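Given the structure is predicted, the values throughout are model-derived calculations rather than measurements.
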Amino acid sequence: MLRSADGLTFEQLTISGIEGETFSSYRPLVKFKGRLYTAPVGKNRAQNSAGFTVVLETDDPAKEKWVQVNEVDFGDPSTLSVFEMAVFNGYLYAGTINTNGFQLWKTDCTPPYPYRWKRVLTHGAGRGSKNEGIASMCEFNGALYIGSLIQNGGFDRENIIGPSPSELIRVHPDDSWDIVVGDPRMVSSGLKIPLSGFSAGFGNFFNGYFWRM
């Protein structure tokens, strides 16, 4: 992890409080309530798997240790990692990769540790493993937009998931949600249809990720 005060000169920080040498990378990096949050990946060279899924917090990455603020794997061993995080409506959101379909969690980061997290979406928003992970999140006009993925280009051969194109989901502050781009389906709250009229991948089977927005 590198830090710069001017964008020209960088210093390398020592990541303390976790077994940093066992991971090869960190996916998200998000500021919330004056603290910094991240999540490691790359356990045993698995680029999208953490081995054990944790969200980490520090008050000062140059001085303070990183502290785990969630239950390992969010209590589900099918969870491979936290791929993306975002701040929306006074909450920190964490989007996972899960072989049974992504999960979306949120917390207001109120002590004690581990924080109390609420699961907003599960089983890939009712699409199952075809929405294996959350690749991106973006707030726009009072809603949180989340883009899905199947790792390894839309075809997870190791876990025999896909190939399948990705979806765009919209989540509201009350945790209700819509399919913006995706496949119609029945869920517990009723029939969901894509509001844009586009099927998954904007109708293109080879659009494997909504990686950034």
Side-chain angles (χ1 to χ4, degrees), residues 25 27-30 39 41-42 46-50 53 74 76 78-89 91-106 118-213:
S25 188
R27 284 289 185 187
L29 195 61
V30 177
V41 294
Q47 60 185 359
N48 294 321
S49 176
T53 300
F74 288 103
D76 182 353
S78 298
T79 298
L80 302 180
S81 67
V82 170
F83 197 92
E84 183 64 298
M85 290 192 290
V87 174
F88 169 62
N89 191 44
Y91 290 89
L92 177 69
Y93 284 75
T96 72
I97 291 182
N98 188 296
T99 54
N100 295 316
F102 69 63
Q103 296 176 2
L104 179 66
W105 295 81
K106 72 176 185 180
K118 179 183 179 182
R119 190 173 61 190
V120 179
L121 294 173
T122 188
H123 294 107
R127 195 180 182 222
S129 59
K130 287 184 177 181
N131 277 345
E132 185 181 18
I134 292 177
S136 56
M137 289 193 276
C138 178
E139 180 182 358
F140 181 66
N141 277 354
L144 182 67
Y145 288 79
I146 64 174
S148 76
L149 64 76
I150 294 176
Q151 59 178 333
N152 302 322
F155 187 9
D156 182 353
R157 293 169 176 83
E158 180 179 351
N159 294 299
I160 316 176
I161 296 173
S164 184
S166 53
E167 290 193 329
L168 183 63
I169 306 293
R170 180 173 66 188
V171 178
H172 301 280
D174 64 359
D175 298 338
S176 63
W177 58 278
D178 310 301
I179 301 172
V180 179
V181 175
D183 296 330
R185 53 186 173 272
M186 288 294 299
V187 297
S188 59
S189 58
L191 177 65
K192 297 283 188 180
I193 60 173
L195 302 182
S196 68
F198 284 104
S199 60
F202 285 110
N204 186 330
F205 184 81
F206 297 101
N207 283 333
Y209 301 154
F210 277 88
W211 194 289
R212 282 290 177 264
M213 287 184 283

Got a sec, which residues hit side chain to side chain contact (heavy atoms under 4.5 Å, CB included) with [X], two or more places apart in sequence or on another chain?
X      : result
Val120 : Tyr93, Leu104, Lys106, Val171, Asp175
Leu191 : Met186, Ile193
Ala86  : Met137, Leu144
Asn89  : Tyr91, Pro173

Check: How many angstroms lie between CG in Asn98 and CG in Leu80, if you round to the nearest 0.5 Å?
Finding: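 It comes to 6.5 Å.
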
So do the side chains of [X] and [Y] get within less than 4.5 Å of each other, counting heavy atoms only?
X      : Y      : value
Arg157 : Ile160 : no
Val87  : Val30  : yes
Ile169 : Ile179 : yes
Leu121 : Trp105 : no
Leu195 : Arg170 : yes
Val181 : Phe210 : yes

Next item on the list: Sequence neighbours left out, what pairs pass salt bridge (charged side-chain N to carboxylate O under 4.0 Å, His left out) with at least one residue falling in residues 193-213?
Entry: Glu84-Arg212

Go through the structure and list residues passing side-chain hydrogen bond (donor to acceptor under 3.5 Å, both in side chains) with [X], not counting sequence neighbours.
X      : result
Asn141 : none
Thr96  : none
Gln151 : Asn48, Glu132, Asp156
Thr53  : Asp73

Check: Residues in ring-ring contact (aromatic ring centres under 6.0 Å, His included) with Tyr209, at least two apart?
Finding: Trp211

Next item on the list: For residues 151-180, pull every pair meeting ring pair (Phe, Tyr, Trp, His ring centres under 6.0 Å), keeping only residues two or more places apart or in separate chains.
Entry: none

Check: Does the pair Asn159 and Thr99 meet the rule for a side-chain hydrogen bond (donor to acceptor under 3.5 Å, both in side chains), with working shown?
Finding: CA-CA 7 Å; Asn159 294 299; Thr99 54; 5.6 Å; no

Next item on the list: Only pairs at least two apart or in different chains count here, so list each side chain to side chain donor-acceptor pair (under 3.5 Å) that has a residue in residues 188-207.
Entry: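 Of all non-adjacent pairs touching residues 188-207, none passes side chain to side chain donor-acceptor pair (under 3.5 Å).
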
Check: Is there a donor in the side chain of Arg127 and an acceptor in the side chain of Ser164, or the other way round, less than 3.5 Å apart?
Finding: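 The criterion, which ignores hydrogens and geometry beyond distance, is satisfied for Ser164 and Arg127.
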
